[in-house]
Every structure is written in structure tokens, then in C-alpha cells.
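First up is the structure itself, then whatever we jot down about it.
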There are 2 protein chains.
Amino acid sequence: MKNQHKILKQYFNVAVSVDNVVFGFDADGLKVLLISRGSEPFTGSWALPGDLISPEMDLEYSAEKVLKQLTGLDQVYMEQIQTFGRVDRHPFGRVFTIAYFALIKVENYQPHANSWAKDVAWFKVSEIPKLPFDHREILEYARKLLKNRIRTQPLVFELLPKYFTLTEVQFIHESILEEEFDVRNFRKKILSTGIIEETGRLQKNVTHRPAKLYRYNASKAKQLGFEGGML
Amino acid sequence: MKNQHKILKQYFNVAVSVDNVVFGFDADGLKVLLISRGSEPFTGSWALPGDLISPEMDLEYSAEKVLKQLTGLDQVYMEQIQTFGRVDRHPFGRVFTIAYFALIKVENYQPHANSWAKDVAWFKVSEIPKLPFDHREILEYARKLLKNRIRTQPLVFELLPKYFTLTEVQFIHESILEEEFDVRNFRKKILSTGIIEETGRLQKNVTHRPAKLYRYNASKAKQLGFEGGML
DNA sequence: GAGAATTATTGTACTTTTTACAATATATTT
DNA sequence: AAATATATTGTAAAAAGTACAATAATTCTC
């Protein structure tokens, strides 16, 4: 028994962290939220909001908590992506990191740096600065996964405001998929799914014909068992 | 610095394991490989082949090594599934487990119990015994993932022998997707992808009309950039 | 060796989905 | 009133998906 203890001890000396890839969307296109690191290692560097997690806390909960502590974001859509575990990925020791992606409605949140995060800011996915650890790899993996998810699940509505135009729905798809669609065909397709509905409202204060505002019908999507293919 | 060390130590005391969901396929349908545990906890129980991983080894490599050590299987197709991290999932302490799935050609391998595995055996996916830890949850997640993957990627050929009949291709799809297809339409579809080719050979020693034997054309699939949709 | 048994193989008509393509509508600004 | 800017809409052709059943090639049995 004493011997078994000793054997076990050799395994119980690694750490686990969570890294979040937080996607947002505005008129500029797809964005990612980064923090400016205020502690070692890589102090001062822009990085994915992530942190070591406490051994007493469930994994899912840890992911939410890390995000909230560093950025103030709470109650957002999150999904586990992948675990990254190269031996030398962290200078302080063996740290496995479990990556999550989060989708938020930019208009609803005001991210603010907290805890050891010195700053927090949105970056266009095409203008990401140099990132520490294997964060670049994690980010690219997250983008790939988002692309795949968006073809079969109604995730874009997690990124769009409550009321949105069909042009916005098209633009967000084009931003994420890096591919253009025909306006008429896109509208026909997205409306034929039945998961978005007219609200009767119109855009205001625009210098051109105002677009109709639509809204996502989550219960309809659920009812349709939506794993069916958006585009 | 001393202080920082102390803070860090509170994180570096968890363990990480790998659990493999190994799928195989034969005339009976889809199978999963389980080992009979020869060490604590849950000694004697059938379980997914998994083990704690050494802090000095890369994650991907660990997954392969654990599988090889317990079952003798080597050089198989593996893919990371998910990480499971409930606080109480392991009685010895905080253990995060990273689940992988592996696809093997049953005819090419003779699994044999090694290391602390007392036995190893294939189980039909519909006849899985009670499993320890959260292995049941991991297995179900793996089946779900396999279902999704198989619709868009040519993974079934990792499970089929080198030469196979179209009937086998159809049967494996039906087993995994739990759904039946029309014979004529299925054949048209699978042949139209261009990723399998006739070999000129025929089935032997069957008590009915012998079927043509086909073979997977991996380079053609790669050339077609196969993310395109199998069925 | 003739007939039974068993599984393999193949085509066509119909329906649905996808694709390509451009003119008109409604607001603001000058 | 004209210019500017974006929103909105339909149709025909092509492609893909679906439903459906008769014939072919082997072994087995008598």
C-alpha cells in the first residue's frame, strides 16, 4: 500500500488549465477576445483568456469561472474543443490545457479586465498578434471547429443581436466560412429552415432602404431537432 | 518567488489519464474492445483500455502507448474525442481523462491482454457490460462522434478489411448509423464518390452468388479533399 | 443435374434541392 | 428631383435524392 502510494504520487504532479476562444461579431466581421497578461509567464503578451484550474472544481464549471474572472463575461454559450498536451507547452511544468470556445453577443456584454488580466480587447480574426504558448494553434483549431459547427447547427444566433437582418445573417456566415453566397439563394435557404421569423420591425437610422428585422426561434429549432444542416 | 512556488504547487497535484474507445467491425456488427481490469480501483471489472499518463510524455504519444501496452494494438487510426473532468470521477484523486477513439481492422490484429490488463475482448455495442468510472458516458459520446464523422469522412475503411464487398460497406454504415438504406441508391452513391475501386476479384467460398471485391483508394480521396459528405 | 436457396447486381421515372442570374423597391443625402 | 445605397424578390435549368423489383450467379439438396 505504501508502495502503491509512491507509484501514484509520480502521476499526481501535473496541472490542468482552461483556455477560452471567445468569438464575437460586429459590422467588422468575426472577432476574438484576448487579454493582456499581467502575470508570468509571458507578462504583457496578448493571449487567450485562460488559467490554471483548481483541483476541487468540476471542469465545465472551471471553464466558465476562468472566463468570468478574467473578462467579466458570464452565461455565454460554451463548448469544449480539444485538449492540448505537448510536454513543453508551458515553461512552469507539465500543463495540459483544455480549450473551449465561447460565442457571445457583443452588444450585450462589456468585457472588462479582471484578476491578473491587465487589459482585454477584441481582435479581428485576420489581425491576431503573436500569441504565447500554443495559443495560435488552439485558435486555429477553434476557427476550424466553428466552421464545421456552423454548417449543421444554428450557432450564428449566439453571435447576432436579438433582432437582426437577413443581410447580417448572410454576412456572418460569409465571415466564418470565408465563402460568398448568392443573396437570393441564401435568403430562400435560411428562411426555409423555419428557425427565424419576421418581427414586423424595421431597421432605423440607416441611409438606405431599411431592412426587416428577424429573430431566432429557438423552440422551433429544437422542435425540428436541429442537427439538420443550415447551409 | 518562494511565495509563487507555493501558489503553483497547489495546482500541480492532479493526474491525467487516457481512455480509448476502440471500435472494430465484423459480420456481427460494430464492436468495442474492453479490458478486464487487473488493478485497483475496480479490479475485475470490464473497462475501456485506459491508464494514467506519465508527466514526461506528449499527449498524443501517450494515447498510442497506453493502447499498445494494454492490448498490443499498434499503428491504428486514433482521434481525440473529449476530456472528462468531473471532480469525483476517480476514487484515487483528481484525474482528468482524455478520451480517444480508435478504429481498427479486426482481421489484422490479435489483441492480447498485457501489463495490468487481465483479459481483453470485443463486445457488441448493444451488449456492453456495466462499466466503471464515467466510461459509459465516454463510450456513448464516442459512438455519437463516430456517427457524425462517418457521414462526412471516409472512416469506415479503417474498419473494413483491405478488400471488401459493397454489401459490407452498406452494412457497416447501417450498423453505425442505426438506419437502413436502399441497396440500389446506396451503391450508386458510394460509387459516385470515386473513392473506392473494383479490384477484379470475387468473394470465394460463399454459398451464393459471389460479390465483387472493392478496395479503398486513399490517394483519390485525398485528392478530392474529402470532407465532402459520404452519405 | 434439376430445382431450391441465397445473396448480388442493375435502371428508370419522379420528386426535391441546388444553382445561376438581374430588375425593382425604399430609404437618405445632395 | 436626382443620386446614392442597400433590400427585396422569382424563374428556369441542372443536379441530387428517392422509390421501387426483376434478373444473375453461385452452392446445396435431392
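Note on naming: letters A, B, ... go to the chains in the order of the sequence lines (proteins, then strands), and numbering restarts at 1 for each one. What you see below is based on every heavy atom in this structure, not just the backbone, and it leaves out hydrogens, waters and symmetry mates.
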| Salt bridge or not for Glu60(B) and Arg86(A), using N-O below 4.0 Å? |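 No.
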| Thinking salt bridges, do Glu198(A) and Lys212(A) make one under a 4.0 Å N-O criterion? |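 Here Glu198(A) pairs with Lys212(A) in a salt bridge, since their nearest N and O are under 4.0 Å apart.
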| said: Mind checking if Thr165(B) touches a base, just sugar-phosphate, or nothing, with heavy atoms under 4.0 Å? | reply: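 Contact class for Thr165(B): none.
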Exercise answer: donor-acceptor pairs, residues 108-133 of chain B side-chain atoms, under 3.5 Å, sequence neighbours excluded:
{"unit_1": "Tyr109(B)", "atom_1": "OH", "unit_2": "Asp74(B)", "atom_2": "O", "d": "3.0"}
{"unit_1": "Tyr109(B)", "atom_1": "OH", "unit_2": "Gln75(B)", "atom_2": "O", "d": "3.2"}
{"unit_1": "Trp116(B)", "atom_1": "NE1", "unit_2": "Asp51(B)", "atom_2": "OD2", "d": "3.0"}

| message | Strictly below 4.0 Å: does Lys189(B) bring a side-chain N or O up to OP1 or OP2 of dG17(D)? | response |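 Result: yes.
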Polar atoms only, N or O, under 3.5 Å: list the protein pairs with nucleotides 25-27 of chain D and their distances.
{"unit_1": "dA25(D)", "atom_1": "O4'", "unit_2": "Arg209(B)", "atom_2": "NE", "d": "3.3"}
{"unit_1": "dA25(D)", "atom_1": "N3", "unit_2": "Arg209(B)", "atom_2": "N", "d": "3.4"}

Suppose we screen for ring pair (Phe, Tyr, Trp, His ring centres under 6.0 Å). Which residues come up paired with [X], at least two apart in sequence or across chains?
{"X": "Phe101(B)", "answer": "none"}
{"X": "Tyr100(A)", "answer": "none"}
{"X": "Phe96(A)", "answer": "none"}

For [X] and [N], what is the distance between atoms [atom1] and [atom2] respectively, to the nearest whole Å?
{"X": "Lys212(B)", "N": "dA24(D)", "atom1": "NZ", "atom2": "P", "result": "14 Å"}
{"X": "Asn185(A)", "N": "dA14(D)", "atom1": "CG", "atom2": "C1'", "result": "13 Å"}
{"X": "Phe186(B)", "N": "dC20(D)", "atom1": "CZ", "atom2": "C1'", "result": "18 Å"}
{"X": "Lys188(A)", "N": "dG10(D)", "atom1": "NZ", "atom2": "P", "result": "10 Å"}

| Taking His135(B) for the side chain and Ala47(B) for the main chain, is one N or O donor matched with an acceptor at less than 3.5 Å? |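 Checked: no pair found.
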| request: Under 4.0 Å from any heavy atom of chain A: name the first and the last nucleotide of DNA chain C that qualifies, 5' to 3'. | output: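 Endpoints of the contacted stretch of DNA chain C: dT18(C) to dT29(C).
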| request: Please find out if less than 6.0 Å separates the ring center of Tyr216(A) from that of Phe164(A). | output: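 When the ring centroids of Tyr216(A) and Phe164(A) are compared, they turn out to be at least 6.0 Å apart.
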